[in-house]
Structure formats: structure tokens, C-alpha cells
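Just the heavy atoms: all of them, side chains too, but no hydrogens, waters or symmetry mates, feed the values below. Numbered from 1 within each chain, the chains take letters A, B, ... in sequence-line order. Computed from a predicted structure; not experimentally measured.
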Number of protein chains: 2
Amino acid sequence: MATPSETISPRRERTRGRLLDAAFDVFARHGVQAASIEAVCEAAGFTRGAFYSNFASKEELFLALTERETRAQLTALEAAAVNLGPDPVGADAPIRDAVRCVLAAVMPDPAAKQSWSVMALEFELMALRDPQVATRYSAQQRRLRNELVDTLDRLMKDLGLRFAVGSHDAVDLLLGAFEAGQRTALLTGSDDARPSTLIETLVDLLVTPA
Amino acid sequence: MATPSETISPRRERTRGRLLDAAFDVFARHGVQAASIEAVCEAAGFTRGAFYSNFASKEELFLALTERETRAQLTALEAAAVNLGPDPVGADAPIRDAVRCVLAAVMPDPAAKQSWSVMALEFELMALRDPQVATRYSAQQRRLRNELVDTLDRLMKDLGLRFAVGSHDAVDLLLGAFEAGQRTALLTGSDDARPSTLIETLVDLLVTPA
DNA sequence: GGTTCTCGATACATCCACGTATCCGATACA
DNA sequence: TGTATCGGATACGTGGATGTATCGAGAACC
């Protein structure tokens, strides 16, 4: 994938990485729109000159960041799927645990959880405003969602269960409930570790014996 | 409600109204963060002087706007409830129609639909960042949501149906699915009039005969 | 009809972020 | 070790948004 013969120097690679890390932090703290390029550079220990030598604009940075995050989520998802496949979790409420596990894979770090769900919101917003960004962004999202569908399908089959609705709809509903729950949790300030009971309610509705 | 003896001159009232209208427009078009106060004033046909004589900051404007909108949505909701109460819609798929009708009441204008769902996102974001805004904003949202719960409860009772889960959870799920569907619709560019089939799928899951 | 006060307009000073053009040190390569 | 290129730093000019202090017209009130 990506441009084949376009070799990137390791030095450049590192500074790009540090800039992305810093961007994640600063975006999470101050918001994507509100965050100045300067602030990102400062957090990364660089000057604006370095930034403009690596990215053309904040949009480019934004897309590179989501690219990296989506990629990380995809690999995390695959790893989780491998772990779940052969030997399902507890026998108690296997689906709940499994779903929770899969969701945790996509959104692992509880500290980053908050930052990420807020940033995801903002990313979506940027995409909603800029059609050019929208196409790239929604492609990324689609990939992630499809992967989720596949993983859950396989998981359900392994567990001898099935969704009451199409798996695409199921995933859409799950994601919607997940995000909604997380946001209201953030708003009300309740820092529950669990992704709200809403998901589990929905899972009970969605999952039926095969 | 509000400050009792603090009389507001009719003149002031009008300019405030025009500023709010303009803010709705400009916010929808350019985004809340991106929109400059100046732009709002220009759209309203005023100068910045007028603005600062009516609002202390953009946050104040924002809160006044959401206040007005939620109020409007609440009254629309009540009106819809009255219409639905005595004589349910079609006999075909009464719940679907009813739910769609209620949702349409909360989010009526198809043209404003897009603007509003984007703005709602952005509002939530502002609230997520500013704790002071969050308390006021989430109070508004809670009011609206509770009203929705009541309306749907009454509606279901009238139709001889019931939710498979608690009505609060049901409303949360419905709202989540609604927003998620709307946003993905916006992202993919499909300008469906219907609020996506996701809602109907969910309604079928949620609603059972009493 | 005159006086007062309200409210929006005008003008000003400030600040901050942006993007670019240029420079200089370090690294790679011979 | 000498040289050329790469990549980040420095410095500059610019534009736009903010908030405030002041002014003047017109409405309200007697």
C-alpha cells in the first residue's frame, strides 16, 4: 500500500511520529479546531518550521492521525479476534463479555478512552464540513466497521449465537449506543469504567440463540 | 422562570432574536468554533458593538441558542403528542409511523435537519470541553429526553404496546441510533428523507405487544 | 416638546495564528 | 576528510478576530 518507491528517511519518520503523538495529546486537551499548530509543535518539541516541512496543513495532520489510529484499532481488533476464537471467555454471559472485550480492543486505554471519544466526535465534525476530508475519513471508518462486522460474525458463529438483525445493522446499532453512552457518561461526569449498561441492554436485545 | 423582575425592553428582545437567528445560520454554515462573532453580527445586520451589548461572549450566545431550540423542540413534542394521543396514525405499522412522527416533531424541517444534527454535534463538543457549559447543556438535554420518555410511554400505552427494555434505555438507544444514522447518511452524502432504516430495525426490536 | 436614558455604531489597540523565505547544522556519501 | 543534501530552526510580514471605550441617535417618559 501507499506510494511504493517513495522512501521516507528514518529521521523524518521519527519527527512525524512525535508530531502525531503530540497532536493526539493537544487535540484531546484543547480540541482539534482550537488547537493551534504552534501548540502541537511545542508539545512535540519542535518549531513550526518542522511542522510545515512534514505536513501541508492541519487537515493533513488530522488525516495522518486518524489513519494511524484506525490502523492501530484494526490490528488490535484482529488480535482480540484471535484470542476469542478458539476458547470463548467465561460461560456465564459469554456474549456480553465477548462484546465488551471486542469493544475494549477497539478502544483500549481507559485514559485514552475519554480523549478518543471526544476526538472522534470532532473528527467526524471536520469530515462533515470538508467534503474532501469526508471521503477519506469515511473510507477509513468503513474499513473499520466492516472489520468489526466480520469479527463479530465469526465470534457469534463460534459461540453458537446469531444476531436478531443483519450484522451490519447490529454493528451500527452497537456503535451508536456505545458512543451515545460514552458521551452522556462524559457529560454527566460519571467516570464509569464500564461502557454504560446501555450496550449490554442492547446486546441482550440483539443476540439470540442460533 | 428566569429572573422575575428583570424586564427586558422589546427593542432588546428583537435584536437578541435576530442575533440568535443569524447565529443559527452562521453556526450551521461555518461551524460554531469557526464562526466569528463578526460574521454572526454581519448576518444579523448589526455590528459587534450590538453583540457585546447583548451577550458577554460566544458561549453565552451558544447557551441562549440551545435554550431556545430545546424549548421549541419541547413544545413541538407536546403538540405531536396531542395529535397522536386520541387517534393513532395508520393501522399498517402504527409504531413505526408513530415513532417517525415523534422524531420528526423533534427535528422537523428537512432543510434544518442537516444543519441541526451537525450543530448538535458541535454543541455537545463545546459542552464536553467546558464544564460550566456542560452542566447547563446537559440539564437542557435531560429535560428534552425525559419529555421524550413520557411522550413515548403514553404513546405506547395508547397503542397497546410496550418496550422490551426500560423506556429510558429505549429512548437512549433510539436517539443514539437516530443520530448515528443521520451522521453516516451525511457523511456518505446520501440525502435520504427518511432517518435511515436503522431506526426502524431498532423499533422492531424494541417494541413488543403489551 | 424637552430631557434622560437606553442601545447600537464607530474607532482603536492588541493579540495570536498563519504561511513563507531563508539560514545553518548535521548527516550521508565518496 | 571534504562535500552535498536533507531537515529542522529562525525571522518576517500579514490578516483577522477580540474586547473596550466612546459617541450619538432615537425611544420613553413626564
Side-chain angles (χ1 to χ4, degrees), chain A residues 2-3 5-65 122 125-126 129-130 132-133, chain B residues 2-3 5-65 122 125-126 129-130 132-133:
Chain A
T3 44
S5 54
E6 187 177 317
T7 326
I8 312 121
S9 100
R11 184 185 175 189
R12 203 166 196 106
E13 190 78 26
R14 268 186 295 118
T15 51
R16 274 181 64 104
R18 282 172 61 187
L19 278 171
L20 286 178
D21 290 341
F24 190 105
D25 253 43
V26 176
F27 284 180
R29 219 189 313 283
H30 305 295
V32 180
Q33 308 237 27
S36 67
I37 293 178
E38 170 110 45
V40 172
C41 296
E42 191 178 2
F46 289 108
T47 63
R48 266 187 10 266
F51 174 86
Y52 283 107
S53 144
N54 280 282
F55 301 96
S57 64
K58 207 157 81 171
E59 278 71 37
E60 286 297 320
L61 176 65
F62 155 70
L63 281 169
L65 187 56
E122 210 157 2
L125 216 91
M126 275 188 81
R129 286 255 157 60
D130 185 339
Q132 190 133 12
V133 171
Chain B
T3 43
S5 53
E6 186 177 317
T7 324
I8 311 121
S9 98
R11 183 185 177 190
R12 205 167 196 106
E13 190 78 26
R14 269 186 295 118
T15 52
R16 274 180 65 103
R18 282 171 62 187
L19 278 171
L20 286 178
D21 289 342
F24 190 106
D25 253 44
V26 176
F27 284 178
R29 219 188 313 283
H30 305 294
V32 180
Q33 309 237 25
S36 67
I37 293 178
E38 170 109 47
V40 173
C41 296
E42 190 178 4
F46 289 109
T47 63
R48 271 192 2 270
F51 174 85
Y52 283 107
S53 144
N54 280 283
F55 301 96
S57 64
K58 208 158 80 172
E59 279 69 38
E60 286 297 321
L61 176 65
F62 155 70
L63 281 169
L65 187 56
E122 210 157 2
L125 222 95
M126 276 187 81
R129 287 257 156 58
D130 185 339
Q132 190 132 13
V133 171

For D:dG2, the Watson-Crick or wobble partner whose two distances fall under 3.5 Å = C:dC29

Please check the phosphate of D:dG8 (OP1 and OP2 only) for any side-chain N or O of A:Thr15 closer than 4.0 Å.
-> yes

Tell me, yes or no, whether the heavy-atom count around A:Glu60 atom CD, taken from other residues, nucleotides or ligands under 6.0 Å, exceeds 12.
-> yes

Counting any heavy atom closer than 4.0 Å, what does A:Phe46 reach on the DNA or RNA strands: base, sugar-phosphate only, or nothing?
-> sugar-phosphate

Whole angstrom value for the distance that separates P of C:dT22 from OH of A:Tyr52 | 18 Å

Measure from the side-chain N and O atoms of B:Arg48 to the backbone N and O of B:Glu38, and report whether any donor-acceptor pair falls under 3.5 Å.
-> no

Take atom CG of A:Leu19 and atom P of D:dG7, then tell me their distance rounded to the nearest Å.
-> 14 Å

By ring pair (Phe, Tyr, Trp, His ring centres under 6.0 Å), which residues pair with A:Phe55, not counting sequence neighbours?
-> A:Phe51

Return no unless some side-chain N or O of B:Ser53 is found under 4.0 Å from OP1 or OP2 of C:dT6.
-> no

Report yes if at least one side-chain N or O of B:Ser36 is closer than 4.0 Å to OP1 or OP2 of D:dG16; otherwise report no.
-> no

Sugar-phosphate, base or nothing in reach of B:Thr47, heavy atoms under 4.0 Å = base

Mind calculating the distance between CD (B:Gln33) and C1' (D:dA17) to the nearest angstrom?
-> 14 Å

Base D:dG19 to side chain B:Arg48, donor-acceptor N/O within 3.5 Å cut-off | yes

Grab the CZ-P distance between B:Phe51 and D:dA17 for me, whole Å please.
-> 14 Å

To the nearest Å, give me how far apart CZ (B:Arg14) and P (D:dG26) are.
-> 14 Å

Under a 4.5 Å cut-off applied to non-hydrogen side-chain atoms, are A:Arg129 and B:Glu122 in contact?
-> yes

Taking for B:Arg11 and for B:Ala56 the nucleotide of DNA chain D with the nearest heavy atom, the one nearer the 5' end belongs to B:Ala56

So, is A:Asn54 close to the D:dG7 phosphate, meaning a side-chain N or O under 4.0 Å from OP1 or OP2?
-> no

Closest-nucleotide ordering on DNA chain C, the 5'-leading residue of B:Gly49 and A:Ile37 = B:Gly49

Which pairs of donor and acceptor atoms, one on a side chain in residues 25-33 of chain B, lie under 3.5 Å apart (sequence neighbours left out)?
unit_1, atom_1, unit_2, atom_2, d
B:Asp25, OD2, B:Arg29, NH2, 3.2

Whole Å only: how far is the CD atom of B:Glu42 from the C1' atom of D:dG16?
-> 13 Å

Send over the distance from B:Ile8 CD1 to C:dC5 P, rounded to a whole Å.
-> 21 Å

Could you give the NE2-to-P distance, from A:His30 to C:dA17, as a whole number of Å?
-> 11 Å

